Amino acid sequence: MGNLNDDLVLAVISCFPPTDAIRCKSLNKNFNAYISNQRFAHEHFVKSSHKVFNLIHFSDTSPNIFYQLQLDPPYPLDIPEIYEILSIQVPVLASCGGLLLLHILSYNTFCVFNPITGEFQLVLEANHDGWTAGPVGLAVDSSTDSFTIRLVAVHVKQNQSQVNQVCKFTAFTVGSNMWEETHKEFVCKSSQFSRNTQPVYLHGSLHWLREDGDILAFDIEKCQARIIQGPGNRTSIMRFGYDIWFGGVQGSLAFVTAFQDEIVVSVYHYENNEWHIRNIIGNISNTGNNDYRNGIPMLFDGKRLFFLLRKRGEDGEIYMNDVSTKSWRKIGMVSATTDCIQHFIPFVPTLAKVSGVYLHDQMTQVSLASELRGSLEGLYELMKPY
């Protein structure tokens with residue numbers, strides 16, 4: 001084919017779902033080189049209309065058993081329960097820009113992983129130097145061809161009064177070989193971090209929810225931290241995290257709080273630093289016969305709320321609320337074998353580049369420990385479309 005035809009074909013391929021685009025690498029060497037390029041990954045991310053939410057589900061006590069829930073309409077009668085059992089525990093700490101941040105507990109190592117392409121980079125944990133290890137976040141800047149990828153670790157130290165705590169931050173840029181300290185410490189009121197919510201990357205900052213309902217925000221470029229007070233509808237029950245979803249929705253921070261009679265969606269406006277109630281949804285939970293009290297918000301994407309209920313001793317039931325029609329619909333099940341502290345990680349498949357190290361390269365097969373390689377392969381298999 002001539003160059004013009006190649007360009008047209010590549011333009012079409014950039015609109016394919018990620019897994020279909022990868023298959024096109026076998027067309028010829030030129031396509032293989034171009035589709036493997038960072039620039040194509042960025043073009044695909046911008047142009048593709050197949051930005052489908054998947055939820056990666058695991059429980060707090062069993063971070064080696066993973067389920068995939070694909071939330072792509074039209075919905076089946078029951079979302080298929082696709083799962084993989086890994087040989088080691090690798091909880092997912094964050095998802096951003098089509099990449100996962102894994103914590104490989106037995107190796108004291110993080111892994112930035114694209115489960116669609118199989119590309120990854122291992123990162124040794126930061127040195128805490130006597131500080132207490134706090135949460136770690138993943139920031140993927142997809143605004144340019146470069147796909148800048150950073151990990152940010154929070155380190156915490158209590159002051160003598162125990163009323164306040166000091167936080168410092170270290171950052172690791174994928175492609176480098178070391179953590180860099182920001183040299184700026186931040187003092188704030190003492191609080192633990194929420195156990196079952198993930199960090200949110202928006203507007204150049206990582207945001208972590210704390211158990212007091214406030215949010216620790218860290219601007220990566222400016223190396224500045226601040227506290228964002230949570231919405232006024234929070235209650236003491238938020239401390240346990242069962243009834244809360246925290247994430248990003250259409251460029252804004254969002255809180256979904258499940259109360260006994262209603263579910264309140266609040267969004268944060270950066271322009272005036274205020275929270276506003278976006279939606280109030282009637283709660284369908286029967287609190288007296290529900291293991292999860294008011295129910296667990298799994299995901300809110302601005303149009304749909306996914307919600308988990310479970311009657312005592314039975315499998316969990318996934319319901320979806322369409323905010324435009326204010327209607328509920330049961331769309332799937334979750335196994336009853338999981339515990340109460342559950343993690344639902346939103347994931348949008350992309351071709352985002354990581355480091356040029358691929359899971360199925362011959363060198364990787366030889367050099368990577370078999371249990372670690374097997375666990376990454378399990379996640380790779382889990383995220384295949386079905």
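Predicted, not measured: the structure shown is a model, and the values here were computed from it.
- Between E180 and R150 there is no salt bridge, since no side-chain N of the basic residue sits under 4.0 Å from a carboxylate O of the acidic one.
- For W328 (side chain) and G282 (main-chain N/O), a donor-acceptor pair under 3.5 Å exists by modelled atom type.
- The backbone N or O of E371 sits less than 3.5 Å from a side-chain atom of S87, completing a donor-acceptor pair.
- The shortest side-chain heavy-atom distance between V265 and L305 does not fall under the 4.5 Å cut-off.
- H57 contributes no side-chain N or O that, together with a main-chain N or O of L55, makes up a donor-acceptor pair within less than 3.5 Å.
- Under a 3.5 Å cut-off, the side chain of T182 and the backbone N or O of C223 do not form any donor-acceptor pair.
- Taken from CG in N272 to OH in Y270, the straight-line distance is 12.5 Å, to the nearest 0.5 Å.
- Partners of I227 under the side-chain contact (heavy atoms from CB on, under 4.5 Å) rule, at least two apart in sequence or in another chain, are F186, C188, R210, D214, L216.
- Looking at residues two or more places apart in sequence or on another chain, you find no salt bridge (Lys or Arg N to Asp or Glu O under 4.0 Å) involving R226.
- A donor-acceptor pair under 3.5 Å is formed between the side chain of W245 and the backbone N or O of M298.
- Formation of a donor-acceptor pair under 3.5 Å by the S95 side chain with backbone atoms of I345 is not found in this model.
- Taking A352 as the reference, L99, N114, F147, T350 meet the side-chain contact (heavy atoms from CB on, under 4.5 Å) condition, with sequence neighbours excluded.
- Residues F66 and F58 bring their aromatic ring centres within 6.0 Å.
- Its side chain outside the 4.5 Å cluster rule for every partner, V163 clusters with none of the Ile, Leu, Val, Met, Phe, Trp and Tyr residues.
- With sequence neighbours excluded, the residues forming a side-chain contact (heavy atoms from CB on, under 4.5 Å) with V166 are W131, E185, V187, listed by chain and number.
- With W179 contributing its side chain and L124 its backbone, the two residues share a donor-acceptor pair below 3.5 Å.
- In terms of modelled atom types and a separation under 3.5 Å, the side chain of R278 and the main chain of G302 share a donor-acceptor contact.
- Residues passing the side-chain contact (heavy atoms from CB on, under 4.5 Å) test with E84 are L86, E381, L382, sequence neighbours excluded.
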